[in-house]
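Working notes for the structure below.
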Amino acid sequence: NPNDTVNLSSPGALIATAKGFLSMGIEAPNSATLNIAGDVYSANSVGISAGAAAKITIGGEASVFGLGRGILLNGGGEINNSGTISSNGFGIDHTNVAGPMTLANAGTIRGQIAVQTFTANAMIGNTGHMEGVGTALQTAGGSSFLFNMGGSINASEGAAVVMLGPAKTM
């Protein structure tokens, strides 16, 4: 339900799994709060799909994996990561949606593109690791801010950071 808080706590244990075609590990509605302290896994789709104004916290020993997307943010929202978010596609995908994304990363985010956001006013803070194959961080669509405070942002085959539009890095 919207505005619900869900605490999934079982450090080191698999707490949500999905194997069917387009099956999501967790599908959260608008305004949901998710506190993840275990492992979320989707073999064929998205680890976590969250609606607008969602607040997602990934704990230090937690991991989220989705084949196409680790986390799909379907509207503005907040992600606080101290664990691991990974995918063969996008670690975090926030595209073609209204509302800004705020990301505080102290953990690890991996993917073909680790983090992608195409909406205005993204605020991205990194003290952890963003690891992409093609690109680690890609923004477009308006003013975005990257605060990299001792973290690493790396891409093995392309540009580590691509920020289109009025963007600022600090």
Side-chain angles (χ1 to χ4, degrees), residues 5-6 8 24-28 30-37 40 42 46-66 68-155 158-170:
T5 296
V6 178
L8 299 172
M24 295 176 200
I26 296 173
E27 187 169 8
N30 292 346
S31 305
T33 298
L34 299 175
N35 298 309
I36 309 295
V40 176
S42 175
V46 176
I48 296 173
S49 176
K55 295 180 182 176
I56 303 169
T57 300
I58 309 299
E61 295 183 25
S63 67
V64 174
F65 174 82
R69 293 167 173 88
I71 295 177
L72 174 61
L73 191 57
N74 293 303
E78 299 176 23
I79 300 172
N80 294 294
N81 179 47
S82 296
T84 301
I85 300 168
S86 61
S87 175
N88 292 349
F90 302 95
I92 296 173
D93 188 11
H94 177 245
T95 57
N96 301 320
V97 293
M101 176 184 76
T102 300
L103 170 63
N105 180 49
T108 299
I109 304 171
R110 289 188 190 102
Q112 181 69 27
I113 295 177
V115 177
Q116 174 174 268
T117 179
F118 282 176
T119 58
N121 303 316
M123 301 290 287
I124 300 163
N126 184 50
T127 59
H129 308 283
M130 293 182 188
E131 302 167 5
V133 176
T135 303
L137 172 64
Q138 183 169 291
T139 70
S143 298
S144 294
F145 297 89
L146 169 62
F147 303 93
N148 191 41
M149 301 156 287
S152 64
I153 303 174
N154 299 304
V161 177
V162 176
M163 298 181 81
L164 304 173
K168 297 187 181 201
T169 59
M170 298 181 186

Is there a side-chain contact between [X] and [Y] in this structure, where contact means two heavy atoms from C-beta onward sitting under 4.5 Å apart?
X      : Y      : value
Met163 : Ile124 : no
Leu146 : Thr139 : no
Met101 : Ile92  : yes

According to salt bridge (Lys or Arg N to Asp or Glu O under 4.0 Å), does anything in [range] pair up with another residue at least two apart or in another chain? List the pairs.
range            : value
residues 84-93   : Arg69-Asp93
residues 75-86   : none
residues 116-130 : none
residues 111-132 : Arg110-Glu131

Applying side-chain contact (heavy atoms from CB on, under 4.5 Å), name anything that partners [X], two or more places apart in sequence or on another chain.
X      : value
Ala52  : Asn30
Ala104 : Asn80
Ser87  : none

Handout entry: Test ring-ring contact (aromatic ring centres under 6.0 Å, His included) applied to Phe65 - qualifying residues, sequence neighbours left out
Key = Tyr41

Listed by chain and number, what are the side-chain hydrogen bond (donor to acceptor under 3.5 Å, both in side chains) partners of [X], not counting sequence neighbours?
X      : answer
Ser63  : Asp39
Ser49  : Asn74
Thr127 : none

Rounded to the nearest 0.5 Å, how far does [atom2] of [Y] lie from [atom1] of [X]?
X      : Y      : atom1 : atom2 : answer
Ile26  : Ile48  : CD1   : CD1   : 4.5 Å
Thr135 : Ile113 : OG1   : CD1   : 5.0 Å
Asn105 : Ile85  : CG    : CD1   : 7.0 Å
Phe90  : Ile71  : CZ    : CD1   : 14.5 Å

Measure across [X] and [Y] and return the closest heavy-atom pair with its distance rounded to 0.1 Å.
X      : Y      : answer
Ala155 : Ala160 : CB-CA, 3.8 Å
Ala114 : Ala136 : CB-O, 3.0 Å
Gly125 : Met149 : CA-CE, 4.1 Å
Asn126 : Gly128 : OD1-N, 3.2 Å
Ala28  : Leu34  : CB-CD1, 3.9 Å
Ala159 : Val162 : CB-CG2, 3.8 Å

Problem - Donor on one side chain, acceptor on other, His129 and Thr108, under 3.5 Å - result: no

Problem - Main-chain N/O of Gly99 paired to His94 side chain as donor or acceptor, under 3.5 Å - result: yes

Handout entry: Ile109, Thr57, Val64 screened by side-chain contact (heavy atoms from CB on, under 4.5 Å) with Asn81, the one that passes
Key = Ile109

